[in-house]
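First the structure, in the form of structure tokens, and then the observations on it.
FYI, side chains are in, hydrogens and waters are out, and symmetry mates aren't considered; it's all heavy atoms of this structure.
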Amino acid sequence: MKIYNSYTRKKEEFKPIEEGKVRMYACGPTVYNYFHIGNARTFMFFDVVKRYFEFIGYDVNYVQNLTDIDDKIIAQAIEEDVKASKVAEKYISAFNEDRAKLGIDTPTHQPKATKYIKEMIRFIKELVDNGFAYEQNGDVYFSVDSFKGYGSLSGRKVEDLIAGARVAENTAKKNPADFTLWKDAKPGEPEWGSPWGKGRPGWHTECVVMSKDLLGVPFDIHGGGTDLLFPHHENENAQAKALYHSELAKVWMHVGFLNIDGEKMSKSLKNFFLAREVLEKYDSETVRFYFLSKHYRSPIDYNAEILAESEKAVANFYDALSMIDIKEVRALTVDDSMSKYEEEFNAAMQDDFNTAKAIAVLFDLSKSVKNFSVEESDRKMAASLLLKLGGSLGFFQNPEEKLKSGESSEELVKLLIKCRNAFKKEKMWQYSDMIRDELKGLGIVLMDTPDGTKWTRK
RNA sequence: GGCGACAUCGCCAAGUGGUAAGGCUAAGGUCUGCAAAAUCUUCAUCCCCGGUUCGAAUCCGGGUGUCGCCUCCA
């Protein structure tokens, strides 16, 4: 298994710290709003990472945090005129709803930042005591000059950061690149007692403290969106290195951004799509296919045409699955005749999660399933492997449910097909075609196959 | 200004030294009463210029273009 490590900027052979186990952490949402389609890409990608590691036999401990205390949450609380904790609660359950709708598994742990306040205070105090951080008017900052190596993860130099035109002015900081660990509470804001007075922790500490608690440091994989590389992950790693004398994680993975019609998604451009809005228009598997059809590190464009293509591609798989008995096929043991496909699929996935290439193998299998000139036992075998390999990417989580409309369960359609076949037998084409056309108008498509007439909803 | 990514058929997208996967679309054939589905066939020399090499989409240099991070952000 090779994975591109943002830290070394190279593809590296993945070696778990502990044999047979993967300990991974991916930055989750700040729960101040519903998450958008770009967030969904990252969440879904790490879901695939988790699924695939499990598929090849690893025991995966996957932690995804919930940032439930943050400036943005406070701002949202003021806007909704409720307490900050209410805002967090509301969007945590919304997060989990949307996550489930996208077919993303529940992570092993979903720690909330507010459950770790004490540990974070202790951690920050230790940084202060060891000279890596300092207090200023109730705020605590991490001092980037206090130890060597700040910037090593993201490949930046402290001098360059200062030279950067837009480093915020903050006279309280010793170095403009210093970042906040603890923030003094203004009246009315959520607050916790600390050695520096009442306040709340900064964003960069929670991941260090929670990952240490739930995974141990260092752990195998740390991931997030590409924008998190700097400053968030850099800052996390700096804290870990300062106190734990260790990198926080061995491998750092970053998912590329999603653009809307070629432009960056932003509220001001009004091209902002929530995941739940997208799911009203498209099936979750369409979205999954769309994400996985391009390599995770590349930027991806969101537009109606691409989603329409993805929709057709997924339908292609279900066309194949509708031609076989899923229960029967699922019980099959895949034999060596299919090993070529399996090897190809795994080779693609194990080359830095080349999902686009892996999907090509799924199409090959789909083609075999649909090909009536292929031996029936081989068609079933191909279908079995299609379910299995597709499943490792999170596809086909409930194919029976999805294909229900395609089975002859609805008596009226069955009856009409019977009538049509009777007309066909008498060569009364105008009547048989009328039935087919009328049904098509209702979104029901008939197909005459060697096994009889089948139908699906489009 | 600093750091980085990308540029492959009409569209999407793999490929990182050995002669261009796959999907969507399109055209034609087979099958079909006609369709649909299936199936077969056809459709690119890889942004430009130079270099390295027996050989480059793939490596190096220089352009051009697009994008991201450096500020909360997946």
Side-chain angles (χ1 to χ4, degrees), chain A residues 6 9 11 26-30 32-33 35-46 70-72 75 151 154-157 159-168 177 203 223-232 234 254-259 262-267 275 289-290 292-295 297-301 303 305-314 316-317 319-320 322-323 344 348 351 354-364 366-367 369-374 423-425 427-430 432-433 436-437 440 445-450 453-456 458:
Chain A
S6 306
R9 297 184 197 180
K11 266 189 212 172
C27 291
T30 298
Y32 70 104
N33 200 342
F35 67 87
H36 57 68
I37 188 68
N39 295 302
R41 184 190 188 192
T42 304
F43 300 155
M44 194 176 278
F45 174 69
F46 286 106
D70 181 90
D71 290 4
K72 290 195 291 292
S154 55
R156 281 160 225 260
K157 299 188 185 103
E159 308 90 81
D160 295 340
L161 291 173
I162 299 161
R166 289 178 292 175
V167 171
W203 177 42
T226 184
D227 56 324
L228 259 39
L229 178 60
F230 188 91
H232 185 53
E234 184 69 58
H254 293 96
V255 181
F257 256 32
L258 179 148
N259 299 312
E263 281 182 310
K264 184 174 170 170
M265 186 171 6
S266 79
K267 285 184 177 167
F289 184 93
Y290 156 63
L292 298 184
S293 63
K294 186 154 182 173
H295 190 87
R297 282 189 278 122
S298 305
I300 190 172
D301 197 49
N303 59 61
E305 289 85 339
I306 292 170
L307 269 288
E309 278 182 16
S310 301
E311 204 161 44
K312 283 182 187 161
V314 173
N316 188 330
F317 293 138
D319 281 347
S322 72
M323 294 178 180
E344 213 175 305
D351 181 14
N354 193 335
T355 50
K357 206 172 175 182
I359 281 174
V361 178
L362 262 33
F363 277 112
D364 285 343
S366 173
K367 231 180 234 176
V369 177
K370 287 196 273 194
N371 190 343
F372 287 109
S373 60
V374 168
F423 286 127
K424 275 174 71 179
K425 208 165 196 174
K427 298 195 192 300
M428 297 165 82
W429 309 123
Q430 66 180 116
S432 67
D433 287 355
R436 185 174 62 194
D437 293 344
K440 194 176 180 185
V445 181
L446 299 189
M447 287 175 288
D448 294 328
T449 75
T453 303
K454 303 213 167 179
W455 63 279
T456 50
K458 291 281 163 173

Requested in this report: Could you check whether A:Phe43 and the base of B:rA74 form a stacked pair, meaning centres closer than 5.5 Å and planes differing by less than 30°?
Outcome: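 According to the criterion (under 5.5 Å, under 30°), no, A:Phe43 does not stack.
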Query raised in the report: Should A:Lys440 and A:Asp437 count as an ion pair when the cut-off is N to O under 4.0 Å?
Result: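 A:Asp437 and A:Lys440: not salt-bridged.
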**Report entry** Electrostatic pair A:Lys424-A:Asp448, nearest N-O below 4.0 angstrom
**Finding:**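 A salt bridge links A:Lys424 with A:Asp448.
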Which part of the nucleic acid, if any, lies within reach of [X] when heavy atoms closer than 4.0 Å are counted: base, sugar-phosphate only, or nothing?
| X | answer |
| --- | --- |
| A:Arg156 | base |
| A:Ile359 | nothing |
| A:Gly224 | sugar-phosphate |
| A:Asp448 | base |
| A:Phe230 | sugar-phosphate |
| A:Ser432 | base |
| A:Lys294 | sugar-phosphate |
| A:His36 | base |

**Report entry** Polar side-chain contact A:Asp364-B:rG22 base: donor and acceptor under 3.5 Å
**Finding:**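 Absent.
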Query raised in the report: Below 3.5 Å, does any donor atom in the side chain of A:Arg436 face an acceptor in the base of B:rA35, or the other way round?
Result: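 Result: at least one qualifying N/O pair found.
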[atom1] atoms of [N] and [M], separation to the nearest Å:
| N | M | atom1 | result |
| --- | --- | --- | --- |
| B:rA74 | B:rC69 | C1' | 13 Å |
| B:rA5 | B:rU45 | C1' | 25 Å |
| B:rA21 | B:rU58 | C1' | 15 Å |
| B:rU25 | B:rA13 | C1' | 14 Å |

Query raised in the report: 5'-most contact on RNA chain B: A:Ser154 or A:Pro231, nearest heavy atom basis?
Result: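 This one resolves to A:Ser154.
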Requested in this report: Would you mind telling me which residue lines up with the more 5' stretch of RNA chain B, A:Leu446 or A:Gly256, judged by nearest nucleotide?
Outcome: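 That would be A:Leu446.
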Residue pair [X] / [Y], side-chain heavy-atom distance below 4.5 Å:
| X | Y | value |
| --- | --- | --- |
| A:Lys370 | A:Asn316 | yes |
| A:Leu258 | A:Tyr290 | yes |
| A:Arg156 | A:Glu234 | no |

Any side-chain N or O of [X] below 4.0 angstrom from OP1/OP2 of [N]?
| X | N | value |
| --- | --- | --- |
| A:Lys264 | B:rC69 | yes |
| A:Arg9 | B:rG4 | yes |
| A:Lys72 | B:rC72 | no |
| A:Asn316 | B:rG23 | no |

Report task. Give the B/S/- string for nucleotides 39-44 of chain B, one per nucleotide from 5' to 3', where a protein heavy atom under 4.0 Å of the base yields B, of only the sugar-phosphate yields S, and otherwise -. Result -> S-----
Report task. Name the pairing partner of B:rA57, where a pair is Watson-Crick or G-U wobble with both distances under 3.5 Å, or state none. Result ->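 Per the H-bond distance test, none.
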Query raised in the report: With both distances under 3.5 angstrom, what nucleotide forms a Watson-Crick or G-U wobble pair with B:rA37?
Result: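 Paired with B:rA37, as far as the under-3.5 Å criterion goes, is no nucleotide at all.
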Query - Any side-chain donor near an acceptor of the partner, A:Asn33 and A:Lys72, under 3.5 Å - result: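 On atom types as modelled, these side chains do not qualify, holding no pair under 3.5 Å.
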Query raised in the report: Under 30°, 30 to 60°, or over 60°: which ring-plane class applies to A:His232 and A:Trp203, parallel, tilted or perpendicular?
Result: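 Parallel.
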Query - Contacts of A:Ala358 that satisfy side-chain contact (heavy atoms from CB on, under 4.5 Å) - sequence neighbours left out - result: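 For A:Ala358 the side-chain contact (heavy atoms from CB on, under 4.5 Å) partners, ignoring immediate neighbours, are A:Phe345, A:Ala348, A:Met349.
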